[in-house]
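Since the structure is predicted, the reported quantities are computational estimates derived from the model, not experimental observations. For ligands, and for the atoms within them, numbers begin at 1 and follow the listed sequence.
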Amino acid sequence: MAMGYFNPYFIKRRAKKWWPYFGLFLLLVIGYQEGVLRSYSSSGSYTTVDESSRSTMKEIFALEREIKLLKSVLKKYSIPEAEYADTLLPIIYVITPTYSRPHQKAELTRLKSVFLHVPSLHWILVEDATHKSKLVMNFLESSGLSYTHLHQSTPPDWKLQDSDPKWRKPRGVLQRNAGIKWLRRKLRGERDLRGVVYFADDDNTYSTELFKEMRDTKTVSVWPVGLVGGVMVERPLVSRAPTPHVTGWLAGWKPDRTFATDMAGFAVNLALLLRRSDAEFSFTSSIGHMECDFLEKLVTLSQLEPKADLCTKVLVWHTRTERPNMKDEERLRKAGTPSDQGIEV
Ligand code: UGA
Ligand code: MN
């Protein structure tokens, strides 16, 4: 029986019977391959792609991956995507004087946590010291913020001593001026001067909303400040007609000052500040008039821009940190065994 398959007569008969099926199968295979090849070439890939368009595709895929990653970072930190999408966002330059004390890093950390939520912000941190400290240097380096680190010491005659009452000498004067000088130098000859300058002391409490309010400052913008000057809130008084404008100030202490505001209560347009070369802070301002004297060099009352819902919202607080109790630490230091040996606090 097995031999029957190799019988030439038998093979001929079989072939006759199966030939049409085999032909049909062959046609199907050829047709399928043709179709596949045509579809590849018409979609422009594979058979016709050259090297340069392949590397362009690779680049596009890499960029798409990067966008996905950045979007996830924005989401993680609850940063509104719409704000980052605006590439024309003016930069907010925040100038902060700071000085060494047990709770310095805690204060700076509170500020950093807010600033990280604010797009297009550049922090100019100015140490009241004869040199930049390792603590601040490392802190800024790992902050994830855009920053400039400066130092400018206050001369001993003007330095507030622990035994002095707070109002005795103005604080942060030369440090803020160092920040302004840096801006003047850095942006000299620059044509695009869209931006805002804000003087943020290191111990206040700032909301993220505050920075949205000041972003489009054209001259000097103003708003209420909470917990300052012996009252719950100091604020500009605003009249709505004919257009919203500031008419005066609600303040506990010296409300008759032309600009009865704390440092935390205003921001200045960058171009305006750079135009007025004499605009800086002075040791010789009489007590409590430092902000007022500075603003008089820049604007008149009617030019102020009232923000924060016509100055009805508090978005910044003039908080002060209690001096930490170091009684036992002093004892440990005397014994040569400080608690922070080898640990940065
Ligand atoms: C108030 C105002 O809010 C300040 O803007 C103003 O500079 C100050 O009064 C004043 O009249 O000089 P106050 O809370 O009394 O603020 O001042 P601090 O917060 O003690 O100091 C203001 C800034 O200067 C802070 O950023 C602080 O770190 C810095 N500072 C203070 C120094 O750089 N060096 C110092 O020796 C003391
Ligand atoms: Mn303060």
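- For the pair F259/V299, a side-chain contact is recorded, criterion being any heavy-atom separation below 4.5 Å from C-beta on.
- The nearest heavy-atom contact from the protein to atom 33 (O) of ligand 1 is D128 CB, 3.5 Å.
- Among the candidates K112, R101, K105, R171, the single residue satisfying the salt bridge (Lys or Arg N to Asp or Glu O under 4.0 Å) test with D202 is R101.
- A donor-acceptor contact under 3.5 angstrom links the side chains of W123 and T96, judged on distance only.
- Near P170, with a cut-off below 4.0 Å to any heavy atom, the atoms of ligand 1 are 12 (O).
- Distance from atom 2 (C) of ligand 1 to its nearest protein heavy atom, with residue and atom name: D262 OD1, 3.3 Å.
- D203 contributes atom OD2 as its closest N/O/S atom to the Mn ion (ligand 2).
- Near G172, meaning under 4.0 Å from any of its heavy atoms, are these atoms of ligand 1: 24 (O).
- For CE of M232, the number of neighbouring non-hydrogen atoms (other residues, nucleotides, ligands) closer than 6.0 Å is 12 at most.
- Taken to the nearest 0.5 Å, the CG atom of L273 stands 5.0 Å off from the CD1 atom of I180.
- Counting heavy atoms only, D201 comes closest to atom 23 (C) of ligand 1 of the residues D203, V228, D201.
- Residue contacts with ligand 1 do not include T96, since none of its heavy atoms lies under 4.0 Å from the ligand.
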Check: Do D128 and K159 pass the salt bridge (Lys or Arg N to Asp or Glu O under 4.0 Å) test, and can you show the C-alpha distance, the side-chain angles, and the key distance before you say yes or no?
Finding: CA-CA 10 Å; D128 182 352; K159 186 85 177 167; 2.9 Å; yes

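- Of all the atoms in ligand 1, the ones that sit under 4.0 Å from a non-hydrogen atom of K159 are 34 (N), 35 (C), 36 (O).
- Summarising the contacts of atom 37 (C) of ligand 1 with M263, R101, R176, R171, the nearest heavy atom is found in R171.
- Atom NZ of K169 has more than 12 heavy atoms from other residues, nucleotides or ligands within 6.0 Å.
- W182 and H122 have their aromatic ring centers within a separation under 6.0 angstrom.
- Ranked by closest heavy atom to atom 6 (C) of ligand 1, the top entry among E107, M290, H318, K169 is M290.
- Heavy atoms of L160 stay at 4.0 angstrom or farther from ligand 1.
- Counting only heavy atoms of the protein, atom 26 (O) of ligand 1 lies nearest to P97 O, 2.7 Å.
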